[in-house]
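Input: a single structure, listed below in structure tokens.
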Amino acid sequence: MKILGLDYGDRRIGAAVSDAFGWTAQGLEVIERRKEGTELDRIAALVQEHHIEEIVVGLPKNMNGTIGPRGELCIAFAEELRALLQLPVHLWDERLTTVSAHRTLIEADVSRKKRKGVVDKMAASLILQNYLDSKSQR
């Protein structure tokens, strides 16, 4: 069963997919948010293309565990996906995943320009991998 991981942002949505066993996450692409709704079309296409059965959306919580305005947007996005695609959509605590992705890319000496293009995809991979790891520990 393949799972799609999404890192939802104002301008871009990072996408990652699990392997068929649900063990590992691989970054797929970064979806640019230009016209209203086009990102949903692309996500629907990825679901078809990769035979996705579940989706995990990163939920940015505040450090004290509360949900702020950005988190509310992610919850609404997850509900929209659930209604559109008729698939289970899970919210996963993504605190510090983008920070971690940036740090990893900086340590790998990736230029600022190249980092911008992959950080969202990498954050989506981290969100999905953390979700997969939690499932395997149950």
Starting at [atom1] of [X], measure out to [atom2] of [Y] and round the result to the nearest 0.5 Å.
X     : Y      : atom1 : atom2 : result
Glu94 : Ile127 : CD    : CD1   : 4.0 Å
Glu80 : Leu73  : CD    : CG    : 11.0 Å
Phe77 : Ile13  : CZ    : CD1   : 4.0 Å
Asp19 : Thr24  : CG    : OG1   : 3.5 Å
Ile43 : Leu84  : CD1   : CG    : 9.0 Å
Ile55 : His90  : CD1   : NE2   : 9.5 Å

Write down the atom of [X], the atom of [Y], and the distance for their closest heavy-atom approach.
X     : Y      : value
Leu6  : Ala15  : CD2-CB, 3.9 Å
Ala25 : Ser125 : CB-O, 3.5 Å
Gly5  : Leu128 : N-CD2, 3.9 Å
Asp7  : Ala123 : OD2-CB, 3.4 Å

Report yes if some heavy atom in the side chain of [X] is under 4.5 Å from a heavy atom in the side chain of [Y]; otherwise report no.
X      : Y     : answer
Leu132 : Val56 : no
Ile52  : Leu46 : no
Val47  : Leu87 : yes
Leu4   : Leu28 : yes
Arg11  : Arg33 : no
Asp93  : Leu59 : no

- Query: Hydrophobic clusters join Ile, Leu, Val, Met, Phe, Trp and Tyr when side-chain heavy atoms are under 4.5 Å apart, directly or via other members; which others share one with Phe21?
  - Reply: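 Hydrophobic cluster check, Phe21: joined to Trp23.
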- Task: Check the angle between the aromatic planes of Tyr131 and Trp92 and answer parallel, tilted or perpendicular using the 30° and 60° thresholds.
- Result: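 Perpendicular, since the angle between the ring planes exceeds 60°.
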Report yes or no: does [X] contribute a side-chain atom to a donor-acceptor pair with the main-chain N or O of [Y] at less than 3.5 Å?
X      : Y     : answer
Asp120 : Val30 : no
Asn62  : Asn64 : no
Ser18  : Lys2  : no

- Message: Closer than 4.0 angstrom, basic N to acidic O: yes or no for Glu49 and Arg42?
- Response: yes
- Message: Can you tell whether the side chains of Arg12 and Glu29 come within less than 4.0 Å, N to carboxylate O?
- Response: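 Result for this pair is no, no salt bridge flagged.
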- Query: Are Ile31 and Val17 linked, directly or through other ILVMFWY residues, by side chains that come within less than 4.5 angstrom of each other?
  - Reply: yes
